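Here the structure is laid out as structure tokens; the discussion comes afterwards.
Quick note: residue numbers are just sequence positions, from 1. Only a predicted model underlies this, so the values are computations on that prediction, with no experimental measurement involved.
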Amino acid sequence: MIERVRAVLVTADDTMLVIRRTRPGIPEYWVLPGGGVEPGDESREAALHREIHEEIAGKADIVRLLHTMESDDERQFFYLARIATWSFEDRTGPEFSAEGRGEYALEEIRLTLEGLDGIELKPEEISHVLRGAIGAGSLGVEASL
């Protein structure tokens, strides 16, 4: 089974970092930074740190596991994390140089229902999880850090 890790990266300004994906013939959508767990990764958290470094040259403090999604051949782990530094210009992930992958643009959105309303976050299930947690006041970013 393929395992993937992604992070809800919360900044000091209580915004969330998301990646806007633009691909030929597909409506634009947004994803959370992250990617596949590789055989050399010591843990899922280590994989997430590596992915954050590759995708946004960032360093994050993982707060907690927020949600898990599973399908027939894939399991995704979504973590809540605080991030203080990042640089999209210094990204190093292999996906950025792969031909035909489309464009990746790093954006900050408000971590509010209105902020989520302004984007098409994929997968849809994590968007619902975030909306529910924000609406219930149970995201717990401030209390957890």
Side-chain angles (χ1 to χ4, degrees), residues 1-11 14-83 86-88 90-145:
M1 175 169 293
I2 296 170
E3 288 192 342
R4 299 190 188 285
V5 289
R6 299 214 172 268
V8 175
L9 293 172
V10 182
T11 70
D14 290 323
T15 60
M16 176 174 70
L17 298 180
V18 292
I19 297 174
R20 180 174 35 89
R21 294 284 284 119
T22 307
R23 298 169 63 188
I26 299 173
E28 71 181 2
Y29 61 96
W30 287 256
V31 295
L32 298 172
V37 176
E38 296 178 358
D41 292 324
E42 293 180 14
S43 64
R44 290 183 196 108
E45 291 81 5
L48 186 58
H49 284 295
R50 177 185 48 74
E51 287 287 343
I52 291 168
H53 176 73
E54 288 176 359
E55 291 191 2
I56 62 173
K59 293 190 184 297
D61 293 319
I62 298 172
V63 176
R64 64 182 166 95
L65 180 64
L66 181 64
H67 186 68
T68 304
M69 284 176 44
E70 192 168 327
S71 64
D72 292 339
D73 59 347
E74 182 176 86
R75 186 176 296 132
Q76 292 193 68
F77 299 88
F78 294 88
Y79 290 86
L80 182 63
R82 271 283 186 195
I83 189 159
W86 63 91
S87 172
F88 203 55
D90 295 325
R91 61 191 180 187
T92 60
E95 60 271 22
F96 301 115
S97 58
E99 198 66 33
R101 295 285 306 215
E103 295 181 25
Y104 293 75
L106 187 65
E107 297 182 353
E108 284 183 68
I109 65 158
R110 298 294 309 163
L111 193 52
T112 61
L113 294 175
E114 295 79 15
L116 288 171
D117 285 343
I119 65 171
E120 185 69 32
L121 185 63
K122 301 287 185 184
E124 196 171 305
E125 185 173 328
I126 195 61
S127 182
H128 291 302
V129 167
L130 285 172
R131 288 174 191 281
I134 291 168
S138 64
L139 197 54
V141 179
E142 299 79 16
S144 300
L145 300 171

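The number of heavy-atom neighbours closer than 6.0 Å to NZ of K59, taken from other residues, nucleotides and ligands shown, is 12 or below.
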Would V5 and E45 count as a side-chain contact (heavy atoms from CB on, under 4.5 Å) if you check the C-alpha gap in whole Å, the side-chain angles of each, and the deciding distance to 0.1 Å? CA-CA 8 Å; V5 289; E45 291 81 5; over 6 Å; no

Go through the steps to decide whether R21 and I26 satisfy the test side-chain contact (heavy atoms from CB on, under 4.5 Å), and finish with yes or no. CA-CA 9 Å; R21 294 284 284 119; I26 299 173; over 6 Å; no

Go through it in stages, so that I can follow the logic: the residues are L130 and L121, the test is side-chain contact (heavy atoms from CB on, under 4.5 Å), and I'd like the CA-CA distance, side-chain angles, deciding distance and then a yes or no. CA-CA 10 Å; L130 285 172; L121 185 63; 3.9 Å; yes

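Without hydrogens or angle criteria, R44 side chain to F77 main chain gives no donor-acceptor distance under 3.5 Å. Between the side chain of R82 and the backbone N or O of T11, at least one donor-acceptor pair lies under 3.5 Å.
Here the side chains of E51 and E54 are in contact, with some heavy-atom distance below 4.5 Å. Using a 4.5 Å heavy-atom cutoff, the side chains of V18 and L32 are in contact. Using a 4.5 Å cut-off on side-chain heavy atoms (C-beta onward), L106 and E55 make no contact. Looking at D14 and T112, their side chains never come closer than 4.5 Å, going by heavy atoms from C-beta outward. Using a 4.5 Å cut-off on side-chain heavy atoms (C-beta onward), W86 and E108 make contact. Within the 4.5 Å cutoff, the side chain of P27 has no heavy atoms near those of the E120 side chain. Residues H49 and I62 form a side-chain contact, since some pair of their non-hydrogen atoms from C-beta on lies under 4.5 Å apart.
Interatomic distance, L65 CG to F78 CZ, rounded to the nearest 0.5 Å: 10.0 Å. Distance CG/L48 to CG/D41: 10.0 Å, rounded to 0.5 Å. From L17, atom CG reaches atom CD1 of I56 across 5.0 Å, with rounding to the nearest 0.5 Å. How far CZ of R23 is from OH of Y104: 7.5 Å, rounded to the nearest 0.5 Å. Distance check, rounded to the nearest 0.5 Å: CD1 of I119 to CD of E107 gives 8.0 Å. Rounding to the nearest 0.5 angstrom, the gap separating the CD1 atom in I2 from the CD atom in E74 is 6.0 Å.
Tested against L9, the residues I83, L111, T15 include a single side chain to side chain contact (heavy atoms under 4.5 Å, CB included) partner, I83.
Nearest heavy-atom pair across P123 and Q76 is CG-NE2, 4.4 Å. A pairwise comparison of heavy atoms in S87 and A57 identifies O-CB, 3.4 Å as the closest pair. Pairing each heavy atom of D72 with each of M1, the nearest pair is O-CE, 3.6 Å.
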